[in-house]
Amino acid sequence: MQQNCDYLVIGSGIAGLFFALKAAPRGKVLILTKKNKAESNTNYAQGGIAAVTSGEDSVELHVQDTLRAGAGLCKEDVVRTIVQEGPARIRDLLELGIRFTEREIPEAKGRKELDLGREGGHSKRRILHAKDTTGQEVERTLLETVQKHPNIQILENHIAIDLITTGKLGLPEPNRCVGVYALDKLSGEVRAFGARAVVLASGGSGKVYLYTTNPDIATGDGAAMAYRAGAPIANMEFVQFHPTCLYHPKAKSFLISEAVRGEGAILKTPDGERFMPKYHPMGELAPRDIVARAIDAEMKRTGAEHVLLDITHKPAPFIMSRFPNIYQTCLQYGYDMTKEPIPVVPAAHYQCGGVLTDVDGRTAIPGLYAVGETACTGLHGANRLASNSLLEALVCAHRAACVLGEEELPPVDFQIPPWQSGDAVNPDELVVIHHLWNEIRRMMWNYVGIVRTDKRLQRACRRIRFLQEEIQEYYWDFIITSDLVELRNLALTAELIVACAMRRPESRGLHYNLDHPEPDPAWAQKDTVVRAEAPPPPAGEKDPPQQAGRRSGQSGQGLC
Ligand code: FAD
Ligand code: SIN
């Protein structure tokens, strides 16, 4: 049965929840989320939110730090807007009851102020945090407020499959986005959801890589859906690898926050040699791309499987109270970080590119917005400054809700054709999905990782095209499942990354290609933008309406 609303939000991380709260006074909001409502990258954020809240800091300094990290590719007007509006959005969070960590003001006994952390690339302490579990605190605060709002409904275990546009439906009106088809994972039913506007807040795509700090939800669904609907996707080559993920066979994706280095931790080779000063004057607090590449180079040089992160020179009570979650988790895996260094490796962490939007979340398709990690606003350029993503999500979600409140978007007052499974049958061999999933992730890690070459990219391109063919076949032949939806998106996201990487013949920020090791001034300020060619109308007729559901997407074939 079709369900309509004013604003349909895909995702319940910081971007989706904050948008919902801001939009709810103006209309009915429905949030679809593919697992339980708290499961998101947001929930795992550790370091905090970068914003100018101290008299010793300034908007200009934060802007300059962001531009420097972005390696010449940030959109300066977007950077200025987001940094400028950050403090107001932090006040919003404080009003909602978020509990950021405070500290005693040394010269005014008994009085407290917000404690500010420091991370790589920041010239000042400016990271608001809730010890080392900031994301959990953000998610808790937003979910508690959202769940009390009469205008907001959340449907868990609903995975969006594809966007619905009037163009795809063959309606005689200018193309706009009017909803999504989504799979109810519990019942197996695919339902149509109609809306005046759809807001993609579906997060990033770390799962495209074998090793990642991201939870399982991060399969690039937003960029993949938007691409299939015809929206431009930009800068996907800029995948941020976090320098310090715990190295342990059983610790799945556990991040060791950059804030640990912010408090003085030192990176060493396994035989105890400090190496960062030879790579950058800021040492361990250099921008993330530089630290991740330095670790990669040291691991390759020494043949070691990891490097070490050492904070043992700090007092144990400080470490335990500032990083309680990291301390306890490391202890669980046999490392007491107050007494010994922790083994760490880089892992895929953040998608700097995504669905091309302006600073208000507008995409090129009317009625389709994108906010948070799935969007590419131009804030991060070629490399995101630490803790700028939660900030971006807050500011852009707020701005999207404001502009949507002013737009006259028509309601969906027509019946969307129900999803048709055609003659698809139940998949007989689930091992195929598992195998393809692993193959993509390993291939991306080996060929499209921290350091790239033209040859590796070409190899990746050939592999991904071949895998895409198999996945498309599987997609059409078998009844849709959540794993299949994710696999299809993962493969397309991988192809988008490879395609963008092949289009940039230089090294800049996070994209480092040994065959073009220097930045090329001709590429400064140039985004790599890819867009699906409009599907040719079938000779003389459109897809019959009953086919529109199943065939609502194009594959990424031929992209790279
Ligand atoms: P998410 O929080 O990832 O939420 C995405 C939501 O979309 C989820 O609810 C997901 O289930 C849902 N979803 C996805 N696809 C679909 C679909 N097809 N249908 C329905 N629902 C869907 N950034 C900082 O600024 N500071 C930090 O300290 C920090 N620490 C981090 C630590 C870790 C371990 C990680 C992984 C990231 C960290 N980041 C940090 C990055 C930051 O957490 C994310 O960029 C940010 O939380 C993204 O928010 P979002 O709302 O865009 O997406
Ligand atoms: C961290 O705590 O190191 C993550 C910060 C970020 O990704 O911005």
Side-chain angles (χ1 to χ4, degrees), residues 8-19 31-51 117 119-122 127-130 132-136 138-139 142-143 154-163 180-183 185 199-207 212-225 240 242-245 253-262 288 291 323 326 347-352 354 370-375 380 384-394 396-397 482 485-486 488-489:
L8 179 63
V9 181
I10 312 300
S12 56
I14 186 171
L17 296 176
F18 202 65
F19 171 85
I31 302 175
L32 302 183
T33 192
K34 67 180 174 181
K35 283 198 162 180
N36 74 62
K37 49 189 174 288
E39 191 56 8
S40 56
N41 274 9
T42 302
N43 206 36
Y44 296 87
Q46 293 185 353
I49 311 180
E119 291 178 3
H122 289 274
I127 318 293
L128 296 130
H129 63 98
D132 59 351
T133 48
T134 310
Q136 265 178 40
V138 168
E139 195 68 20
L142 294 178
L143 271 176
I154 304 187
L155 287 180
E156 295 182 311
N157 295 307
H158 278 67
I159 180 165
I161 303 169
D162 263 314
L163 297 165
V180 305
Y181 288 106
L183 170 71
K185 289 163 63 176
V199 179
L200 290 172
S202 48
S205 57
K207 293 303 279 192
T212 175
T213 63
N214 290 191
D216 290 348
I217 54 99
T219 51
D221 298 6
M225 285 190 283
Q240 184 168 70
H242 196 291
T244 56
C245 191
S253 340
F254 186 69
L255 180 78
I256 309 293
S257 175
E258 193 150 310
V260 178
R261 273 176 284 132
R288 230 172 242 186
V291 184
F323 303 112
I326 297 174
H349 182 62
Y350 185 83
Q351 170 191 300
C352 291
V371 286
E373 191 167 338
T374 195
H380 308 306
R384 175 181 66 106
L385 184 67
S387 288
N388 262 0
S389 49
L390 295 175
L391 171 74
E392 180 192 44
L394 288 172
C396 296
S482 161
V485 172
E486 291 187 333
R488 178 177 177 238
N489 291 333

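Heavy-atom basis, side chains included; hydrogens, waters and symmetry copies ignored. Nothing fancy with the numbering, it's 1 onward along the sequence. Because the structure is predicted, anything quoted here is derived from the model rather than measured. First listed ligand is number 1; within each ligand, the first listed atom is number 1.
- The shortest heavy-atom distance from T374 to ligand 1 is not under 4.0 Å.
- The part of E39 lying near ligand 1 is the backbone, judged by heavy-atom distances below 4.0 Å.
- Between E139 and Y44 the shortest side-chain heavy-atom distance does not fall below 4.5 Å.
- Counting heavy atoms from C-beta outward, S205 and E373 have side chains that stay 4.5 Å or more apart.
- Under 4.0 angstrom from ligand 1, the non-hydrogen atoms of H158 all belong to its backbone.
- Near A15, the atoms of ligand 1 lying under 4.0 angstrom from a non-hydrogen atom of the residue are 51 (O), 52 (O).
- In A393, neither the side chain nor the backbone holds a heavy atom less than 4.0 Å from any atom of ligand 1.
- Residue contacts with ligand 1 for E119 are absent, since no atom lies close enough (heavy atoms, distance under 4.0 Å).
- Short contacts between ligand 1 and L32, defined as distances under 4.0 Å to a heavy atom of the residue, involve ligand atoms 20 (C), 21 (N).
- A 4.5 Å side-chain heavy-atom check between N388 and E392 finds every atom pair outside the cut-off.
- Of all protein heavy atoms, the one closest to atom 47 (O) of ligand 1 is T42 OG1, 2.8 Å.
- Every atom of ligand 1 is numbered from 1 in the order shown, and the set under 4.0 Å from a heavy atom of D221 is 15 (N), 16 (C), 17 (C), 18 (N).
- In this structure, the protein non-hydrogen atom closest to atom 53 (O) of ligand 1 is G203 CA, 3.3 Å.
- Of the heavy atoms in K34, both backbone and side-chain atoms come closer than 4.0 Å to ligand 1.
- D132 approaches I326 most closely through the heavy-atom pair OD2-N, 2.8 Å.
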### Derivation of the side-chain contact (heavy atoms from CB on, under 4.5 Å) call for R288 and R384
CA-CA 8 Å; R288 230 172 242 186; R384 175 181 66 106; 3.0 Å; yes
### Task
Please report the C-alpha distance between E486 and K34 in whole Å, then the side-chain angles of each, then the deciding distance to 0.1 Å, and finally whether the salt bridge (Lys or Arg N to Asp or Glu O under 4.0 Å) criterion is met.
CA-CA 10 Å; E486 291 187 333; K34 67 180 174 181; 2.8 Å; yes
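- Side-chain contact between R261 and V291: present, with at least one pair of heavy atoms (C-beta onward) separated by less than 4.5 Å.
- Heavy-atom proximity to atom 35 (C) of ligand 1, evaluated over H349, E258, E392, is greatest for H349.
- H380 and Q240 are not linked by any side-chain donor-acceptor pair at a separation below 3.5 angstrom, with hydrogens and angles left out of the test.
- Remark: N157 CG to L183 CG distance equals 10.0 Å, nearest 0.5 Å.
- In this structure a side-chain-to-backbone donor-acceptor pair under 3.5 Å is present from E258 to G120.
- For the atom pair CG (N43) and CD1 (I217), the distance works out to 9.5 Å, reported to the nearest 0.5 Å.
- By the ring pair (Phe, Tyr, Trp, His ring centres under 6.0 Å) test, F323 is found to be paired with no residue, residues two or more places apart in sequence or in another chain being considered.
- Considering backbone and side-chain atoms alike, L255 places every N or O at 3.5 Å or more from each N or O of ligand 1.
- The proximity of S257 to ligand 1, defined as any non-hydrogen pair under 4.0 Å, does not occur for either the backbone or the side chain.
- Here the straight-line distance linking atom OG1 of T374 with atom CG of L200 works out to 6.0 Å at 0.5 Å rounding.
- You'll find the side chain of L8 reaches within 4.5 Å of the side chain of V180, heavy atoms only.
- Pairing each heavy atom of L391 with each of A51, the nearest pair is CD1-CB, 4.4 Å.
- For a threshold of 3.5 Å applied to N or O pairs, the pair formed by A160 and ligand 1 contains at least one separation below that value.
- Near R384, meaning under 4.0 Å from one of its heavy atoms, ligand 1 places the atoms 23 (N), 24 (C), 25 (O).
- Counting heavy atoms only, A45 comes closest to atom 30 (N) of ligand 1 of the residues G220, A218, G11, A45.
- On a distance-only criterion, L391 and ligand 1 share no N/O pair closer than 3.5 Å.
- Here the heavy atom of the protein found nearest to atom 26 (N) of ligand 1 is G48 O, 2.7 Å.
- Considering backbone and side-chain atoms alike, L390 places an N or O below 3.5 Å from some N or O of ligand 1.
- Every atom of ligand 1 with a heavy atom of E373 under 4.0 Å away is listed here by number and element: 44 (C), 45 (O), 48 (C), 52 (O).
- At least one N/O-N/O distance between G47 and ligand 1 falls below 3.5 Å.
- For atom 14 (C) of ligand 1, the closest heavy atom belonging to the protein is S202 O, 3.2 Å.
- Nearest to atom 9 (O) of ligand 1 by heavy atom, out of S482, S12, G222, is S12.
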### Task
Output, in order, the C-alpha distance, side-chain angles, deciding distance and verdict of side-chain contact (heavy atoms from CB on, under 4.5 Å) for H122 and L385.
CA-CA 8 Å; H122 289 274; L385 184 67; 3.4 Å; yes
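- Ligand 1 lies less than 4.0 angstrom from a heavy atom belonging to A201.
- The distance from atom CG of L142 to atom OG1 of T42, rounded to the nearest 0.5 Å, is 8.5 Å.
- Residue I10 holds its CD1 atom at 7.5 Å from CG of L163, rounded to the nearest 0.5 Å.
- Each of the following atoms of ligand 1 lies closer than 4.0 Å to a heavy atom of G372: 52 (O).
- For ligand 1, the polar-atom distance check against Y44 finds no nitrogen or oxygen pair separated by under 3.5 Å.
- Between N41 and ligand 1, a contact under 3.5 Å exists for at least one N or O pair.
- Rounded to the nearest 0.5 angstrom, N41 CG and T212 OG1 are separated by 7.5 Å.
- Taking the salt bridge (charged side-chain N to carboxylate O under 4.0 Å, His left out) definition, one finds that K35 meets it with nothing, sequence neighbours left out.
- Near ligand 2, residues Q46, G47, E119, H242, L255, S257, E258, R288, H349, R384, A386, S387 come within 4.0 angstrom through at least one heavy atom.
- Which parts of ligand 1 touch N388 is read off a 4.0 Å heavy-atom cut-off, strictly below it: atoms 25 (O).
- Counting only heavy atoms of the protein, atom 36 (C) of ligand 1 lies nearest to N214 ND2, 3.3 Å.
- Residue I10 places no N or O, backbone or side chain, under 3.5 Å from any N or O of ligand 1.
- Checked by distance only, ligand 1 and K35 stay at 3.5 Å or farther apart across all their nitrogen or oxygen atoms.
- Note: no N/O pair closer than 3.5 Å links Y350 and ligand 1 by distance alone.
- Evaluation of the ring pair (Phe, Tyr, Trp, His ring centres under 6.0 Å) rule for H242 yields H349 as partners, not counting sequence neighbours.
- Remark: side-chain polar atoms of S389 are not paired, donor with acceptor, to backbone N or O of S387 under 3.5 angstrom.
- Counting only heavy atoms of the protein, atom 40 (C) of ligand 1 lies nearest to S389 OG, 3.8 Å.
- Between T213 and Y350 there is no side-chain heavy-atom pair separated by less than 4.5 Å.
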